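Given the structure is predicted, the values throughout are model-derived calculations rather than measurements.
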Amino acid sequence: MFRRKLSALDYHNPAGFNCRDETEFRNFIVWLEDQKIRHYKIEDRGNLRNIHSDDWPKSFEKYMKDVNCPFKMQERQETVDWLLGLAVRLEYGDNADKYKDSTPDGAKNTDNTAKNAEPLINLDVNNPDFKAGVMALANLLQIQRHDDYLVMLKGLPVALEKHILGFDTGDAVLNEAAQILRLLHIEELRELQTKINEAIVAVQAIIADPKTDHRLGKVGR
């Protein structure tokens, strides 16, 4: 459930994290505050770090209030998901300049003319598959049709951005962080749908091929 967000935050065990394990959960909260959220000053994290204390639940409840978490302690999965979302937003905000300025290793060796080259120049705009793909995207995103398919293609990123987010926070960094969270959520929903489909197929297979005990059958009276 949390694997993608944990992976995005470089958690050491994203696939095996179990929030129902009390010790693992408390260690996770300490790691999240120390490494990602950093709401408290270092000297104020002592009570939260003391995971073996009987008073730790009270310390964690105070921490939830301090970071404005809308969930209760008993709603553990929801709380973990919310804190992970907060950590992703903060992580992206802290490193926004680094992410924006980062370039692939191969791109560092390209000259200025390559950097200024039109990225769509090599496309075959007369290819039927290309036209069909652009038209399908245009219909999906409900953008205005144009006789020039290349013009339509160039308009897709703006339409896609509005379609993905659906709202504007007024802050470019928050917008991109919200997009990341939404894409992660969509991917998790796709995984859930796949599992549901697999379960339906398995049930249908059982129904379609029942195991009959012929010893119980009778013919006539």
Side-chain angles (χ1 to χ4, degrees), residues 1-105 161 164-196 198:
M1 178 178 180
F2 313 115
R3 181 169 56 85
R4 282 183 173 77
K5 291 177 184 177
L6 290 169
S7 297
L9 294 170
D10 296 324
Y11 186 67
H12 69 280
N13 185 25
F17 173 66
N18 179 14
C19 69
R20 294 185 178 87
D21 183 288
E22 190 64 29
T23 301
E24 187 174 0
F25 171 71
R26 294 186 182 189
N27 278 312
F28 164 75
I29 295 299
V30 173
W31 173 84
L32 202 62
E33 168 59 17
D34 279 345
Q35 302 296 325
K36 305 299 176 181
I37 297 178
R38 299 189 290 274
H39 181 78
Y40 289 161
K41 294 179 180 179
I42 294 178
E43 58 269 24
D44 295 333
R45 300 174 190 169
N47 291 334
L48 201 61
R49 287 175 173 173
N50 189 8
I51 62 171
H52 300 295
S53 170
D54 293 337
D55 292 330
W56 192 89
K58 294 180 181 178
S59 300
F60 179 57
E61 187 173 16
K62 180 180 183 302
Y63 177 72
M64 291 173 61
K65 291 179 180 178
D66 290 342
V67 296
N68 296 318
C69 178
F71 298 103
K72 299 178 180 179
M73 285 187 58
Q74 295 78 9
E75 301 171 300
R76 180 164 291 189
Q77 288 190 339
E78 292 83 355
T79 298
V80 169
D81 191 57
W82 187 89
L83 290 172
L84 284 171
L86 174 63
V88 169
R89 293 196 298 273
L90 294 174
E91 177 79 356
Y92 183 82
D94 288 345
N95 297 282
D97 293 335
K98 179 184 75 175
Y99 294 145
K100 289 179 181 178
D101 296 337
S102 63
T103 55
D105 293 337
E161 181 176 352
I164 289 176
L165 190 55
F167 60 89
D168 184 6
T169 65
D171 186 295
V173 173
L174 289 179
N175 282 349
E176 299 216 21
Q179 287 183 13
I180 293 171
L181 289 173
R182 183 164 183 179
L183 288 173
L184 289 171
H185 180 60
I186 289 172
E187 190 61 28
E188 289 176 351
L189 288 178
R190 286 174 178 168
E191 279 194 358
L192 176 61
Q193 184 61 55
T194 299
K195 292 178 181 179
I196 292 173
E198 290 174 352

Query raised in the report: Is any side-chain heavy atom of Pro57 closer than 4.5 Å to a side-chain heavy atom of Arg26?
Result: yes
Report task. Using a 4.5 Å cut-off on heavy atoms from C-beta on, say whether the side chain of Lys58 contacts that of Asn47. Result -> no
For the atom pair [atom1] ([X]) and [atom2] ([Y]), what is the distance rounded to the nearest 0.5 Å?
X     : Y     : atom1 : atom2 : result
Asn68 : Leu86 : CG    : CG    : 9.5 Å
Thr79 : Leu84 : OG1   : CG    : 11.0 Å
Lys62 : Asp55 : NZ    : CG    : 13.5 Å
Cys19 : Leu83 : SG    : CG    : 11.5 Å
Leu6  : Asn13 : CG    : CG    : 8.5 Å
Arg38 : Leu32 : CZ    : CG    : 10.5 Å

Query raised in the report: Going by atom types alone, do Asp66 and Tyr40 pair a side-chain donor with an acceptor below 3.5 Å?
Result: yes
Tell me if a side-chain donor or acceptor on [X] pairs with a main-chain N or O of [Y] at a distance below 3.5 Å.
X     : Y     : value
Glu91 : Lys36 : no
Asn27 : Thr23 : yes
Arg76 : Met73 : no

Heavy-atom pair with the smallest gap, counting every atom of [X] and [Y]:
X     : Y     : result
Asp10 : Trp31 : O-CZ2, 4.2 Å
Tyr11 : Pro14 : O-CD, 3.2 Å
Ala87 : Leu9  : CB-CD1, 3.7 Å
Gly16 : Glu24 : O-OE2, 3.7 Å
Val67 : Trp82 : O-CH2, 3.1 Å
Asn50 : Trp56 : O-CD1, 3.4 Å

Report task. Could you give me the CA-CA distance, side-chain angles and deciding distance for Lys5 and Asp81, then say whether side-chain contact (heavy atoms from CB on, under 4.5 Å) is met? Result -> CA-CA 9 Å; Lys5 291 177 184 177; Asp81 191 57; 2.8 Å; yes
Query raised in the report: Are the ring centres of Phe28 and Phe2 closer than 6.0 Å?
Result: no
Query raised in the report: So with a 6.0 Å cut-off around CG of Asp54, is the heavy-atom count from everything else above 12?
Result: no
Query raised in the report: After noting the C-alpha distance and the side-chain angles of Glu61 and Lys72, does the key distance pass the side-chain contact (heavy atoms from CB on, under 4.5 Å) rule?
Result: CA-CA 8 Å; Glu61 187 173 16; Lys72 299 178 180 179; over 6 Å; no
